[in-house]
Amino acid sequence: MLFFLISCFSFILLSNSFSLPWANDLRLLSLWFWKELPCSLELWLKKNNQICNLSNISARMSLTKRSISSKVENVEVMDEMSILDLPDLALENILGMLPPSSLCNMAGVCTSLRDMCRSDHLWERHMKGKWGKVIGKDAYREWQWHLATKKDYTFYQSTHKGFIRTLSSVWPISWMRSKFENRSKPTSPLPVDSIKSWYLSFESGKFWFPAQVYNREHGHVGFMLSCYDAELSYDRRSDTFHARYPPHGRRTIVIEEGVGWDRLRAPPVDTPPHDLHISDCLNDLRPGDHIEIQWRRNKEFPYGWWYGVVGHLESCDGNENYCRCHSSDTVMLDFNQYTPGSRWRQTIVNRKDHREEGNETDGFYGGIRKIYSMEEIAMWKRLWPKEVLE
């Protein structure tokens, strides 16, 4: 830049000593040159100073790069490691600590993680942890039936698909085959009979499963301290259930919404709601034992399980030292949630030859099961009505 300015300056001075045709233009150029020279020099000096600073910075960066080159190589080597490089046991322990939602997200990462994240032993823990208290043998049988209908539909689809392929090969309409194949193409590789599929069916609310509900129909006074069979569907938005009670008599299907977890249980015995339970505990019943007994309004109604305790016979004064109620052929059952003198307060059953007993006025009493679990007894006591029933 400086050499260029000196050359221009010398040329202008030389041109002033000659009388050339374009001498006037050069004089104007000289005036412009002297006017712009200070500004140009100032800009050139600033630019030259910045170049020097940049060269110093680049030199320092090159030194720093040389000093950390080995560290960068180590980092690059570590970046190449993946979670799949962990031993299988360590990886399974990590996946076993994830909640269901995270397992589903991890399954979308790659094929290897997808296969691991849908394994039954991982989902079995989540199944028992969330649904174990409300599902029983009936729910499992319902799920098996649900799978059977799916398999039948899949078989129908495969047979129908083969027929369409044969027809399309004879009848030259290519769009018919491609359209059917695209529509019948599976959208998910998840096996329908896996525990993950079972879990997600419960979670989605699309699968109705059998269970029992305490104090049905929002604790209606006519069902206090009872437990009835129902079909349940989960509502994950409210973390509650819809309960669908079967029709009986003149009543149509009743659906109760907002049923909480604390009012649900898996059926304790494998007895359908319209069948008489075979009592196998009658010889073991003693005063003070906690029991559940089947009861229904009439023959058209399903049984519900009602809570009671074994009481003393009228001939016994209740003294434990002289009580012989356990050796009698009859058993007194007390329902202390009702007022004394109520027709629902007590009933007597035959220990030796028990069968359904009752009438259309007082209802029909069925089978009896003895409650051994303190947790079940505590559950009934938590549901005890605030006021004595009539």
Side-chain angles (χ1 to χ4, degrees), residues 133-139 210-217 219-230 232 243 245-246 248 259-299 301-313 325-326 330-338 342-358 362-385 388-389:
K133 292 185 178 180
V134 297
I135 60 174
K137 295 181 180 179
D138 290 343
Q212 291 183 347
V213 181
Y214 292 99
N215 294 352
R216 60 176 282 181
E217 299 180 31
H220 189 279
V221 67
F223 299 103
M224 292 298 293
L225 287 189
S226 69
C227 197
Y228 275 79
D229 288 86
L232 301 177
Y245 303 102
H248 51 271
V259 180
W261 288 86
D262 56 342
R263 291 176 52 205
L264 300 178
R265 75 175 183 184
V269 293
D270 192 17
T271 304
H274 285 275
D275 293 352
L276 179 68
H277 175 66
I278 304 302
S279 306
D280 56 358
C281 62
L282 295 178
N283 293 328
D284 299 331
L285 294 180
R286 294 174 176 268
D289 288 343
H290 300 263
I291 58 97
E292 293 179 10
I293 186 171
Q294 288 178 311
W295 182 87
R296 58 181 174 179
R297 171 69 68 180
N298 56 49
K299 298 288 187 176
F301 279 55
Y303 283 114
W305 290 95
W306 295 74
Y307 172 74
V309 294
V310 178
H312 293 275
L313 296 172
C325 294
H326 61 277
T330 57
V331 181
M332 178 70 73
L333 302 179
D334 293 338
F335 303 95
N336 296 322
Q337 62 268 33
Y338 294 97
S342 172
R343 61 177 178 172
W344 314 111
R345 175 79 178 195
Q346 291 179 328
T347 190
I348 297 177
V349 298
N350 192 310
R351 193 191 299 267
K352 299 297 183 181
D353 185 24
H354 178 60
R355 62 188 66 185
E356 186 182 56
E357 299 176 358
D362 298 331
F364 296 88
Y365 294 91
I368 299 173
R369 63 175 293 260
K370 182 179 177 179
I371 305 176
Y372 297 94
S373 171
M374 296 303 298
E375 184 179 355
E376 284 190 81
I377 296 173
M379 181 64 188
W380 283 113
K381 290 183 177 180
R382 284 197 299 268
L383 296 171
W384 199 269
V388 180
L389 305 176

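Listed for the Asn350 side chain is no donor-acceptor partner under 3.5 Å among the backbone atoms of Thr330. With hydrogens and angles ignored, the 3.5 Å screen pairs a side-chain donor or acceptor of His354 with a backbone N or O of Gly366. One N or O on the side chain of Arg263 and one on the backbone of Tyr214 form a donor-acceptor pair closer than 3.5 Å. With hydrogens and angles ignored, the 3.5 Å screen pairs no side-chain donor or acceptor of Gln346 with any backbone N or O of Met332. Within the 3.5 Å criterion, the main-chain N or O of Ser279 finds no donor-acceptor partner in the side chain of His277.
Listed here is the closest heavy atom pair of Pro273 and Asp229: CB-OD1, 3.6 Å.
In summary, of the residues considered (Trp295, Tyr365, Tyr303), a side chain to side chain donor-acceptor pair (under 3.5 Å) with Glu356 occurs for Tyr303 alone.
Using the six-membered ring where Trp is involved, Phe223 and Tyr228 have ring planes that are perpendicular, over 60° apart on the 30 and 60° scheme.
By the side chain to side chain donor-acceptor pair (under 3.5 Å) test, Tyr338 pairs with no residue at all, sequence neighbours left out. With sequence neighbours left out, Asp289 forms a salt bridge (charged side-chain N to carboxylate O under 4.0 Å, His left out) with Lys370.
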Using the rule given for side-chain contact (heavy atoms from CB on, under 4.5 Å), can you reason through Ile348 versus Val331, listing the C-alpha separation, both sets of side-chain angles and the distance that settles it, and then say yes or no?
CA-CA 6 Å; Ile348 297 177; Val331 181; over 6 Å; no

Does the salt bridge (charged side-chain N to carboxylate O under 4.0 Å, His left out) test come out yes or no for Lys137 and Asp270, once each step is laid out?
CA-CA 7 Å; Lys137 295 181 180 179; Asp270 192 17; 5.3 Å; no

Walk me through it: do Glu376 and Lys381 pass the test salt bridge (charged side-chain N to carboxylate O under 4.0 Å, His left out)?
CA-CA 9 Å; Glu376 284 190 81; Lys381 290 183 177 180; over 6 Å; no

For His220 and Asn215: C-alpha separation, side-chain torsions, deciding distance, then whether side-chain contact (heavy atoms from CB on, under 4.5 Å) applies.
CA-CA 7 Å; His220 189 279; Asn215 294 352; over 6 Å; no

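Ion pairing of Glu375 with Arg265 is absent here, as no side-chain N (NZ or NE/NH1/NH2) approaches a carboxylate O to less than 4.0 Å. Under the 4.0 Å criterion applied to side-chain N and carboxylate O atoms, Asp284 and Arg286 are not assigned as salt-bridge partners.
Within 6.0 Å of atom CZ in Arg345, more than 12 heavy atoms from other residues, nucleotides or ligands are found, so the atom counts as buried in its surroundings. Residue-environment remark: NZ (Lys299) exceeds the threshold of 12 foreign heavy atoms within 6.0 Å.
A distance of 12.5 Å separates CD1 in Ile135 from CG in Leu264, rounded to the nearest 0.5 Å.
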For residues 305-313, run the donor-acceptor check on the side chains, cut-off 3.5 Å, and write out each pair with its distance to 0.1 Å, sequence neighbours left out.
| residue | atom | partner | partner atom | Å |
| --- | --- | --- | --- | --- |
| Tyr307 | OH | His290 | ND1 | 2.6 |

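Using modelled atom types and a 3.5 Å distance limit, the side chains of Trp344 and Gln337 yield no donor-acceptor pair.
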